[in-house]
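Since the model is a prediction, treat every value here as computed from it, not as a measurement.
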Amino acid sequence: MHTMVFKIPRAVIRSGFFRVVGGCLLLGICLLLISPQAQADFTILSGQNAGSQTLFASGTGTIQSGGTVSTNSMFQYGIRLNGSQARVINHGTISAGVSALDSIYLGAGATGSQISNHGTIVNTTTTGYGIFSTANDVTLYNNGSIVMDVASDSAITMSGLRNILILGPQSDIQGVVHFQGAGGILQYETDISFPAEGGGFAVLGRTPPLPQIIGTYTTQVTGQMPTLMVKDSVIVSNAGQSLAVTPDIFVSTNQSVTQSTQHTANILDQRQQVAFLGKNHTIHSGTQYAADGASLNDMSPAASGWGIFEKSVAWVEGFAAFKERPAYNASAYQTAKSRGIVAGLDLPENMHGYRTGYYAGTFDGDLTLGKTGFRKIDTSGFLSGGYISKNWGAYQFIGHLMGGAADHDSERRVNQNLAMASYRSYFTAPSVTAMRTITTPDITWVPSVTVRYQGQITESYTERGSSANQTVSETYNQTLTGRLQLDAYLQDIYFSHGFLSPSFRIGLEGQTALGEESVLLNVLNTNVLLDTESEKTVDALFGINLVYDTGTPLSFYVDGEMSIGLKQPDLSDNVGGTARIGMKWLF
């Protein structure tokens, strides 16, 4: 037996009769509510079946169904509303078949009523409709299915005035929609969302498939805005699509190039520092090496402390670097990796005490933005440069100029698609370094300060591969870096075939952007200007350098450095590291 549950407070049942057709319990006139103040609340629970439901009251009432409401009887409706301000909330199935009429019928008295369908409305009659309304100011919300036996049949017909049909993201209407009255409105409900981390997702509003629509109506796009917004985010909507554009898509996208140029510059500074110490006889090499039984004439020119300036030095170094940052303000979490190889030539000191050198190298790297990797950029490029240095007493000054170009391949997640782009950038990076020596019996201290500028021009590009591709205009990034460093050179350690020169260093490095960092892009045929202000960083540095001289023109060295960000709330998730290995040959 089928069970039907009614909750009818303050209602008077005037008349009614029961019939059983095909094993289904039907209610002929069902319930007649004569009090305008009465409230009817019909609840059909999940798994329960009920016959047709009729709400005649002129007051408010609600029919809520999670089960099945059906009728096969002649001239019957699945649900009939005659009272104003009535509501139907369906999460189950409402059906009308055989000789019945409409699945849901709203009479002229159902002004201001609302129907919210999250389940299924089915009509298999030959003359009926899925939903038929003659009332005014009715709101129909469909986020489920309305299915007709023939697709050309009327799924929804609204003959009243100022009726609204809202299509949710999961709406599926198989049949025709008729707006027969004036003032009709069709709304698309978009689904705009953000990941919990914020972070640059381009999230499209899902436009439901549209049925055939006949009549006069206006179209509106609505949607729930995300509750979590990244600073300076912009929501763009056009042609039924909505897009969340956030500035952290572009924050620090030059980091792979910046990282590679910084570590190449550090290579040069470290080499000059060693040369500076050799010039001032502060590396204990020649006499102590000879005291261990070796002949001074058998040692390399470098071991004497002077040969490095009397001969040219060819050298080659490889480096690898890693740095990660947690999300902070408008900047996304990022991991930057880079590696490269650099070869150079140090020329002998000229008669005026100037030393010069030249180098060239290649590098590649990858940058990942967001902990879920919403954007990845692979970078490869080349660089070259030169330097000039001179000693004034206990001080040394170095001028350094570097330049180069890089190719970038970008992938950005847009829902289930990848927006891809290829573009090129060009950069220059001049720097100035000053250092001096402070000698003690066991340690030589070398404090230094470096100021480095980097300018990078990134070409414009247009993405491909998604329904929300962006065209990004040419951008120019400027970065200023300052580095305070203190090196401690220890006594050399001698072996039978060479000696090892160890040193340690600590320091601080700060980085900030210069000028405006706005990005102009076009997406969904809309121009958007984003403020991409980068975070100012301050890192603590710890490093070690080991040079092994073989007693021949050949020597080897390794170098390692760790950095920890001091401005971040979570220091454990904010680290960097560099490893370098190299060799040099005097000729």
Side-chain angles (χ1 to χ4, degrees), residues 1-8 13 15-33 40-57 61-83 86-107 110 113-134 138 140-151 153-157 170-177:
M1 175 178 291
H2 301 285
T3 303
M4 183 163 53
V5 179
F6 299 106
K7 298 180 181 179
I8 315 172
I13 300 179
S15 64
F17 60 92
F18 294 88
R19 292 184 300 170
V20 177
V21 178
C24 180
L25 177 64
L26 300 176
L27 197 58
I29 301 178
C30 297
L31 299 173
L32 177 59
L33 305 182
D41 182 5
F42 303 85
T43 302
I44 297 92
L45 302 178
S46 177
Q48 295 179 334
N49 294 335
S52 60
Q53 302 292 306
T54 303
L55 195 61
F56 284 108
T62 299
I63 297 178
Q64 183 167 337
S65 173
T68 299
V69 177
S70 64
T71 181
N72 294 320
S73 297
M74 186 176 295
F75 307 128
Q76 289 292 325
Y77 306 99
I79 290 179
R80 181 180 180 182
L81 304 180
N82 276 353
R87 297 177 63 201
V88 174
I89 303 172
N90 177 49
H91 289 270
T93 300
I94 302 173
S95 67
V98 188
S99 301
L101 295 176
D102 311 322
S103 300
I104 299 179
Y105 171 79
L106 291 83
S113 293
Q114 300 177 12
I115 296 177
S116 180
N117 178 46
H118 303 269
T120 302
I121 297 174
V122 181
N123 192 287
T124 59
T125 70
T126 57
T127 58
Y129 304 91
I131 299 175
F132 185 87
S133 173
T134 60
V138 171
L140 306 180
Y141 173 76
N142 183 58
N143 199 37
S145 298
I146 301 177
V147 181
M148 305 301 295
D149 60 339
V150 179
D153 288 349
S154 178
I156 300 173
T157 295
Q170 309 302 323
S171 176
D172 177 24
I173 300 177
Q174 300 178 27
V176 181
V177 174

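Leu106 CG to Thr134 OG1: the interatomic distance, rounded to the nearest 0.5 Å, is 7.5 Å. With rounding to the nearest 0.5 angstrom, the CG atom of Asn143 is 12.0 Å from the CG atom of Asn90. Note: Ser95 OG to Asn72 CG = 7.0 Å, rounded to the nearest 0.5 Å. To the nearest 0.5 angstrom, Ile131 atom CD1 is 6.5 Å from Asn117 atom CG. One distance of note links OH of Tyr141 with CD1 of Ile115; it measures 14.5 Å at 0.5 Å rounding. Annotation: the span from Ile63 atom CD1 to Arg80 atom CZ amounts to 12.0 Å, rounded to 0.5 Å.
Here the closest heavy-atom approach between residue Gly130 and residue Ser103 is recorded as O-CB, 3.2 Å. Counting all heavy atoms, side chain and backbone alike, Val138 lies closest to Ala110 at CG2-O, 3.8 Å. Of all the heavy atoms in Ile173 and Ser171, the pair that sits closest is CG1-OG, 3.9 Å. Looking at every heavy atom in both residues, Gly83 comes nearest to Ser113 through O-OG, 3.4 Å. Of all heavy-atom pairs between Ala100 and Gln76, the closest is CB-O, 3.6 Å. Minimum heavy-atom separation, Phe132 to Asp102: CB-OD2, 3.5 Å.
With a 4.5 Å cut-off on side-chain heavy atoms, His118 and His91 count as touching. When side chains are defined from C-beta on, Thr120 does not count as touching Ile94, because their heavy atoms never get closer than 4.5 Å.
Between the side chains of Asp172 and Gln174, at least one donor-acceptor pair of N or O atoms lies under 3.5 Å.
Side-chain atoms of Asn123 come within 3.5 Å of backbone N or O of Tyr129 as a donor-acceptor pair.
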*Test Ile156 against Ile146 for side-chain contact (heavy atoms from CB on, under 4.5 Å), laying out the working first.*
CA-CA 9 Å; Ile156 300 173; Ile146 301 177; 3.7 Å; yes
*Would Leu101 and Thr125 count as a side-chain contact (heavy atoms from CB on, under 4.5 Å) if you check the C-alpha gap in whole Å, the side-chain angles of each, and the deciding distance to 0.1 Å?*
CA-CA 7 Å; Leu101 295 176; Thr125 70; over 6 Å; no
